[in-house]
Amino acid sequence: MADASSLDALVDALRRLPGVGVKSASRMAFHLLQHDREGAQLLARALQQAAGNVRHCERCNTFTEAPVCNVCLDTRRDAGKLCVVETPADQAALERTGAFRGYYFVLMGKLSPLDGIGPKDIGLQKLFDRALDGTVSEVILATNFTAEGEATAHVIGEALRQRGLNVTRLARGVPAGSELEYVDLGTIAHALVDRR
């Protein structure tokens with residue numbers, strides 16, 4: 001291909017997506033350009049619009065087009081419960097369950113000293129200010145069950161407990177519909193410890 005600079009730029013842009021390597025990015029780029037030009041234009045417009053209009057909620061840090069998101073504006077929610085998650089995607093997943101009717105705080109990351117990410121980088125002071133505003137009675141830590149997520153939950157939990165708040169952690173254990181012989185040993189051990 002003599003003149004492929006635009007195609008190369010598209011492949012490089014698609015490679016920025018998580019889990020997308022050169023082959024996958026090339027496959028997507030060729031598909032869009034060869035079979036779905038209208039889809040490519042739609043994708044380009046949607047990305048441009050989202051990049052220009054979507055920002056972080058001033059109250060909880062999730063994605064919104066307004067200064068404050070719809071969840072934070074919903075006065076029917078339980079102001080006494082604050083659920084702490086790592087990302088807007090985590091918040092969206094919890095929200096889809098319909099099981100939680102409190103408010104959220106999105107950390108926008110997790111503590112990772114090896115990567116140089118400390119408390120200031122994920123907005124812990126803003127979380128503490130929000131949790132200690134006098135309306136929150138329980139903080140639910142819903143960080144991921146990775147080493148960094150566990151460390152983040154531990155740091156937040158200890159700091160808030162020292163300030164007199166009730167702090168809980170998402171339960172973990174054997175997934176519904178699974179068979180014990182196929183579940184990893186760490187999950188089974190946590191399920192035994194957290195049994196009810």
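For Asp74 (side chain) and Val71 (main-chain N/O), no donor-acceptor pair under 3.5 Å exists by modelled atom type. Proximity of a side-chain donor or acceptor of Glu138 to a complementary backbone N or O of Thr168 within less than 3.5 Å is not detected. With hydrogens and angles disregarded, a donor-acceptor distance shorter than 3.5 Å links the side chain of Arg163 to the backbone of Ala159.
Shown here for Lys126 and Arg59, the closest heavy-atom pair between the two residues is CE-O, 4.0 Å. Of all heavy-atom pairs spanning Leu170 and Phe145, the tightest one is O-CZ, 3.5 Å. Of all non-hydrogen atoms in Asn166 and Ser137, the two that sit nearest each other are CB-O, 3.3 Å.
Shown are Val167, Leu111, Leu141; of these, the side-chain contact (heavy atoms from CB on, under 4.5 Å) with Ile156 is made only by Leu141.
No side-chain donor-acceptor contact under 3.5 Å links Ser5 and Asp8. Donor-acceptor pairing under 3.5 Å is recorded for the side chains of Arg169 and Thr143.
Distance check: Leu43 CG to Met28 CE gives 10.0 Å after rounding to the nearest 0.5 Å. If you take CD1 on Ile188 and CD on Glu181, they are separated by 10.0 Å, rounding to the nearest 0.5 Å. For the atom pair CG (Leu82) and OG1 (Thr135), the distance works out to 8.5 Å, reported to the nearest 0.5 Å. Between Leu10 atom CG and Phe30 atom CZ the span is 9.5 Å, to the nearest 0.5 Å.
Using a 4.5 Å cut-off between side-chain heavy atoms of Ile, Leu, Val, Met, Phe, Trp and Tyr, with links allowed through other members, Leu94 and Met108 fall into the same hydrophobic cluster.
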